[in-house]
Amino acid sequence: MSILTVTASTGSYPVLVEHNALAQLPQWLAALKLRGTLWLAYDAALEALYAQPLRDMLGAEGYSVKTYAIPSGEQSKSQQQLWQLYDWLIGGGVERRDTLLALGGGVVGDLAGYAAASVLRGIGLVQLPTTLLSMVDAAVGGKTAINHPLGKNLIGAFYPPRLVVADTATLASLSPRERCAGWAEVIKHGVIRDVALFDDLERYAAGGRRQEAESRSNSTLVGEQHASDRLSADSEQLADLVRRAVKVKVDVVSADEHEQGERITLNYGHTIGHAIETVAGYGILLHGEAVAIGLHAAASIAARVGLCDTTLVMRQQRLLHAYGLETQFPVGIDRDAILYATLRDKKVQNARIRWVLPTAIGRVVVRDDIAPALVRAVVLELP
Ligand code: GLY
């Protein structure tokens, strides 16, 4: 079944994860009685590929559709860009019964989501994620935000969408590097809550290694292929794995919408991941690439504390590598600066870092009593 349901304080909403799911958007809008004008805000890079066809399709179904291209990149999560969205919406006569469609990755979803949350005190919002990262994470759970010069996502709101449509066919437009980066969050979801997902990710990767070995013995192999590359040509398998990763997010945010408890487990790998992004400078590493290193560091800390054994650390590392992700710190990066940056993590409480640490594949605990000296030793020792 490809439809998942998030339970939110404002009511539940469906999450559709399927190959070519966007073709079903008109019928979903009708079923949810979203009948006003549709305000389609999209990543400018998606203009010809998805935005225009979507506008034409919705227009042909009788909807009034207005469009706005958001420049690609994190710098669009700004006050200026938010104001331009307000100009477009208010200047164009937006009404309360209207719906904003956010088509793109996390930047578009966060920015347009916050515009929908705040204009006229809230209009309808539909998330249409087109990256693996936004499908399995940002588009589900109602977090919307822009950045402040003092930090990422510091101004925003919890604002659940009315609908999420994740069309896994759109992942074909990602660069191989972006595609690999997205698997870090999928693997994270396996480790925090779904051992069967983790096992299947391993099985898929192992299947590919077998195929490679066979073709090598037939001397027809052309270079190394990561599991993420093979999955992009395997639409059913891709949709299945993405759906199961999304389900982890759906279950976690349904249990803890406003991050009072369990939702923090989604932060696994992000304390050091975010710190690496801060120290390396935004845009140097993709978010998923930094998270992959953070996952390895967090698991290594867990093993050092005695929460898990090193087999878990190695299994997770092997899986990250199989999906094309590095686990080594960037060459020459200032590790003391990374340790310092972890103290500015949004999840720090009373100056204590709340670490999300695995005890087994599929299970994590939150600990705020990990000795800084132990963390420092691990961060300095890791390759
Ligand atoms: N990205 C983490 C969360 O949605 O809570």
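Counting starts at 1 for both ligands and their atoms, in listed order. This one's a predicted model, so the numbers in the text were calculated from it and none came from an experiment.
Using a cut-off of 4.0 Å between Lys/Arg side-chain N and Asp/Glu carboxylate O, Lys152 and Asp110 are scored as not salt-bridged. Taking a cutoff of 4.0 Å between a charged side-chain nitrogen and a carboxylate oxygen, Asp200 and Arg244 qualify as a salt bridge. Of the charged side-chain nitrogens involved, none lies within less than 4.0 Å of a carboxylate oxygen, so that Glu257 and Arg263 do not count as a salt-bridged pair.
Counting protein heavy atoms only, atom 4 (O) of ligand 1 is closest to Lys249 NZ, 2.6 Å.
Closest non-hydrogen pair, Leu171 versus Thr130, comes out as CD2-O, 3.8 Å.
At a 4.0 Å cut-off, not a single heavy atom of His270 sits close enough to ligand 1 to count as contact.
Aromatic ring orientation, Trp88 versus Trp39: perpendicular (interplanar angle above 60°, classes split at 30° and 60°).
Atoms of ligand 1 lying under 4.0 Å from at least one heavy atom of Asp137, given by number and element, are 1 (N), 2 (C), 4 (O). Counting atoms of ligand 1 from 1 in the listed order, those under 4.0 Å from a heavy atom of Glu259 are 5 (O). Close contacts of ligand 1 with Leu266, meaning ligand atoms under 4.0 Å from a residue heavy atom, involve 3 (C), 5 (O).
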